[in-house]
Amino acid sequence: MTAPLKQRLGVLLSGRGSNFLNIADAIETGRLTGCEIACVISNIADAPGLQAAHDRDLTTETIVSKGVPRAEHDAKMVAALQQHGIDLVILAGYMRVLSPEFIRAFPDRILNIHPSLLPSFPGLHAQAQALEYGATIAGCTVHFVDEAVDHGVIVLQRAIPVLDGDTAETLSTRILAEEHIAYPDAIQRVLSGRYAVQGRRYIAR
Ligand code: GAR
């Protein structure tokens, strides 16, 4: 009997890569099933996450974005992802806004994780934004990517309390631990196909 085909994930990252490593571990340990990481692509040549992917013998690519017009850079990203036969694009700390052309190339097939309970605190430094605003609940959101920043349909959120002594660093660390639970769970849900989207609502089937 031939093994069932695995869905192919394309991971995009710009930095440390802890979400990528956590997803890779989840696949390796069987917590996340039915998929494989087919490529890891970074827009930053010396991103530690890219080196970590290389060390794990994964296929890596660098497509530098600095100084390149967005449309041109994204066209290269889309071509690379298509070449690797990617079924689902996973943004894991990929700190670039995607062009509409990129998003249309993978309709409802791009996931992002953001370190806040969207729609609160989109954009950069979400954890510090939550702290400065005086939020008492923080967390993370996994969502489909649409043409507005940090805006698409929410697949899953995890919430934690903000503690009195929290700094941006301590809050970020505790949110990151939730991200590492949320992202593999959300990917598994999306890969299963057992959901419908009604308006902005993700409904599990
Ligand atoms: C994570 O906290 C992720 O939620 C955030 O960047 C960090 C990447 O960490 N993403 C965004 O803010 C996207 N708007 P990692 O490189 O260790 O996965």
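Worth knowing before you read on, the calculation uses all heavy atoms, side chains too, and leaves out hydrogens, waters and symmetry mates. Order of listing sets the numbers, starting from 1, for every ligand and every atom in it.
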Parallel, tilted or perpendicular: rings of Y94 and H73 (30°, 60°): parallel
Quick one: nearest non-hydrogen protein atom to [atom], plus distance?
atom                    : result
atom 11 (C) of ligand 1 : P115 CD, 3.7 Å
atom 8 (C) of ligand 1  : G93 CA, 3.6 Å
atom 3 (C) of ligand 1  : E179 OE1, 3.3 Å
atom 10 (N) of ligand 1 : I113 O, 3.6 Å
atom 16 (O) of ligand 1 : G17 N, 2.7 Å
atom 7 (C) of ligand 1  : R16 NH2, 4.3 Å
atom 14 (N) of ligand 1 : H114 ND1, 3.1 Å

Test: R174 and D166 ion pair at under 4.0 Å: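 A salt bridge is present here (some side-chain N lies under 4.0 Å from a carboxylate O).
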Cationic N near anionic O, under 4.0 Å, D87 to K6: no
Same cluster (ILVMFWY, side-chain, under 4.5 Å), I113 and I160: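 I113 and I160: separate clusters.
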Single-linkage hydrophobic cluster L117~V155, side-chain heavy atoms < 4.5 angstrom: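 No: no chain of side-chain contacts under 4.5 Å links L117 to V155.
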Spacing of L131 atom CG and T136 atom OG1 [to the nearest 0.5 Å]: 11.5 Å
Within 6.0 angstrom of Y133 OH, more than 12 heavy atoms from elsewhere: no
Those atoms of ligand 1 less than 4.0 Å from some heavy atom in N19: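 Heavy-atom distances to N19 below 4.0 Å select 1 (C), 15 (P), 17 (O), 18 (O).
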Proximal candidate to atom 15 (P) of ligand 1 [heavy atom criterion; set A126, S14, G49, S18]: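 Looking at heavy atoms only, S18 sits closest to atom 15 (P) of ligand 1.
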